[in-house]
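The model shown is predicted, which means the values in this text are computed figures rather than measured ones. Numbers restart at 1 for each chain; the letters A, B, ... are given by sequence-line order, proteins then strands.
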There are 2 protein chains.
Amino acid sequence: MTGRDLSLRRFSGYAMKRAFNQVQADLNATLAPHGLRLVTFSALCLIDENKGLKQSELAQILGVERPNMVLIVDELDSADLIVRDRSTEDRRAYELRLTEQGEKVLAAASAAAQGHDARMTAGITDDVRETLVTALWRIEANGRQRD
Amino acid sequence: MTGRDLSLRRFSGYAMKRAFNQVQADLNATLAPHGLRLVTFSALCLIDENKGLKQSELAQILGVERPNMVLIVDELDSADLIVRDRSTEDRRAYELRLTEQGEKVLAAASAAAQGHDARMTAGITDDVRETLVTALWRIEANGRQRD
DNA sequence: TATAATTGTTATAATTTATAACAATATTGG
DNA sequence: CCAATATTGTTATAAATTATAACAATTATA
């Protein structure tokens with residue numbers, strides 16, 4: 001069971017995949033008690049940060065296809081965490097906003113997610129964590145260059 | 001389009017997800033000309049590194065369910081990159097080995113994947129890359145602790 | 001030796017991600 | 001202004017990924 005994957009460990013992407021698998025599992029478990037999963041939590045954060053955000057903008061930021069975003073927003077809507085307000089400027093579009101309930105759930109879920117992040121990065125110093133995140137965004141930018 | 005996701009950038013997992021999305025896309029594009037994708041390339045590497053590896057072991061290392069591994073190994077088998085040899089010690093199991101063709105394809109694909117990794121980590125110094133990978137494995141270990 | 005566990009497999013379900021088409025509305029070029 | 005084109009949210013659907021249940025053959029265990 002030990003060290004049978006040395007050939008893959010040369011690739012930084014392998015470490016990223018393995019680490020992110022754990023992060024995703026732990027975060028989903030952390031959010032489940034709040035009725036959220038990774039993608040709905042992310043959507044809640046973005047709607048809170050950008051009041052009146054439109055579905056298509058949300059989809060674009062999260063890299064989700066618009067048809068799939070419909071279901072995600074439906075899920076938040078059904079749980080009364082957000083509302084879809086018709087835009088007065090563009091009557092095709094909806095402006096998304098958190099409900100009072102949505103604010104409460106987001107606050108609780110955010111605190112839990114912070115705890116999750118702290119657990120996952122336990123034993124990593126603040127400046128190494130800073131280096132890590134900076135390097136990851138650099139990789140992301142390198143990838144975005146060619147599409 | 002810019003900076004609408006500040007609330008999510010506090011989470012290191014967000015950077016990991018965004019970066020890995022790019023890595024996965026670029027790596028799959030890199031491997032496609034060799035008839036491979038991320039998971040079949042990983043399997044090839046592991047079979048090469050561990051001659052006679054069994055399907056169930058491969059599945060366990062890669063974190064894939066055994067029924068799904070059947071299809072992955074089928075894919076490599078159909079492409080004549082590996083063979084399934086009946087184990088003499090355990091006649092339920094197959095021992096997996098690369099064919100000559102498999103060795104050739106793996107060598108070419110590995111070189112391409114190395115290039116991919118270099119592209120993705122361009123602008124990152126060697127010791128920062130080292131810090132990055134070490135931190136990622138630490139996160140992975142932290143996650144594994146609680147399951 | 002009887003019972004239980006493991007290996008590879010099939011079938012199937014659940015989940016996620018992607019594509020095509022459509023009505024309503026908005027934008028743009030003539 | 002008007003005709004053509006594009007965009008928004010949506011439905012339907014397909015493709016791809018991931019997970020679960022059951023089974024025969026074989027091995028391990030009690």
Side-chain angles (χ1 to χ4, degrees), chain A residues 1 17-18 20-25 27-29 31-32 35-43 46-47 50 52-78 82-97 147, chain B residues 1 17-18 20-25 27-29 31-32 35-43 46-47 50 52-78 82-97 147:
Chain A
M1 228 95 74
K17 181 176 177 54
R18 300 301 291 241
F20 181 68
N21 279 350
Q22 294 296 332
V23 166
Q24 186 167 38
L27 182 54
N28 275 323
L31 294 173
L36 297 174
R37 51 204 178 103
L38 206 158
V39 66
T40 50
F41 172 70
S42 304
L46 291 171
I47 296 169
N50 307 278
L53 192 68
K54 295 191 214 127
Q55 269 186 223
S56 55
E57 294 173 326
L58 183 52
Q60 202 239 328
I61 296 174
L62 287 178
V64 168
E65 296 299 322
R66 263 148 346 227
N68 298 327
M69 184 52 70
V70 174
L71 302 178
I72 294 167
V73 171
D74 276 351
E75 194 176 324
L76 293 170
D77 196 355
S78 299
I82 66 165
V83 289
R84 294 193 236 224
D85 285 346
R86 273 289 176 202
S87 168
T88 53
E89 300 152 0
D90 185 342
R91 296 193 322 185
R92 294 168 300 183
Y94 287 125
E95 294 177 357
L96 306 178
R97 288 190 183 75
D147 35 47
Chain B
M1 227 97 74
K17 181 176 176 55
R18 300 301 293 241
F20 181 67
N21 279 350
Q22 294 296 331
V23 166
Q24 186 168 38
L27 181 54
N28 276 324
L31 293 173
L36 297 174
R37 52 206 176 101
L38 205 159
V39 67
T40 50
F41 172 71
S42 304
L46 291 172
I47 296 168
N50 308 277
L53 192 68
K54 294 191 214 126
Q55 267 186 225
S56 55
E57 295 172 327
L58 182 54
Q60 201 238 330
I61 296 175
L62 287 178
V64 168
E65 296 299 322
R66 266 155 335 238
N68 297 327
M69 184 53 71
V70 174
L71 302 178
I72 294 166
V73 171
D74 277 351
E75 194 177 323
L76 292 170
D77 197 355
S78 299
I82 66 165
V83 289
R84 293 192 238 225
D85 286 345
R86 272 292 176 199
S87 169
T88 53
E89 301 153 0
D90 184 344
R91 296 194 321 185
R92 294 168 301 183
Y94 287 125
E95 294 177 357
L96 306 178
R97 288 191 182 74
D147 38 47

Output the rounded distance in Å from CG (A/Leu53) to P (D/dG9). 9 Å

Excluding sequence neighbours, so at least two apart, what forms salt bridge (charged side-chain N to carboxylate O under 4.0 Å, His left out) with B/Arg92? B/Asp90

Go through C/dT16, D/dT27, C/dA20 for me and flag the one nearest to the A/Arg37 side chain. C/dT16

Starting from the 5' end of DNA chain C, give me the residue, A/Leu71 or A/Asp90, whose nearest nucleotide shows up first. A/Leu71

Under 3.5 Å donor-acceptor, A/Thr40 side chain and A/Leu36 backbone: no

Report the distance from atom CG of A/Leu38 to atom C1' of C/dT17, rounded to the nearest whole Å. 15 Å

Figure out the CD/P separation between B/Gln60 and C/dT7, and round it to whole Å. 10 Å

Nucleotide nearest B/Lys54 (side chain, heavy atoms from C-beta), chosen from C/dT9, C/dT16, C/dG8: C/dG8

Between D/dT27 atom P and B/Glu89 atom CD, what is the distance in whole Å? 11 Å

Donor-acceptor pair between A/Gln55 and A/Arg84 side chains, under 3.5 angstrom: yes

Pick the nucleotide of DNA chain D nearest each of A/Ala93 and B/Glu65; which residue has the one closer to the 5' end? A/Ala93

Among C/dT16, D/dT10, D/dA6, the one nearest A/Gln55 by side-chain distance: D/dT10

Can you find a side chain N or O atom of B/Arg66 that sits less than 4.0 Å from OP1 or OP2 on D/dA19? no

Could you tell me how far apart B/Met69 (CE) and D/dT20 (C1') are, to the nearest whole angstrom? 17 Å

With a 4.0 Å cutoff (strictly under), does any side-chain N or O of A/Arg86 reach OP1 or OP2 of D/dG9? no

Closest to the A/Pro67 side chain: C/dT19, C/dT25, C/dA11? C/dT19

From the candidates C/dT19, D/dT8, C/dT9, the one with an atom nearest any side-chain atom of A/Ser56 is D/dT8

Looking at D/dT7, does its base get a donor-acceptor pair with the side chain of A/Arg92 below 3.5 Å? yes

Please tell me which of A/Asn68 and A/Glu95 maps to the more 5' nucleotide of DNA chain D, matching each residue to the nucleotide holding its nearest heavy atom. A/Glu95

If C/dT27 has a Watson-Crick or G-U wobble mate with both distances under 3.5 Å, name it; if not, just say none. D/dA4

Considering all heavy atoms of both residues, which atom of A/Ile82 and which atom of A/Asp77 are nearest to each other, and what is their separation? O-OD1, 3.5 Å

Close side-chain approach of B/Gln24 and B/Leu38, heavy atoms under 4.5 Å: yes

Which sits closer to the 5' end of DNA chain C, A/Ser87 or B/Tyr94, going by the nucleotide each is nearest to? B/Tyr94

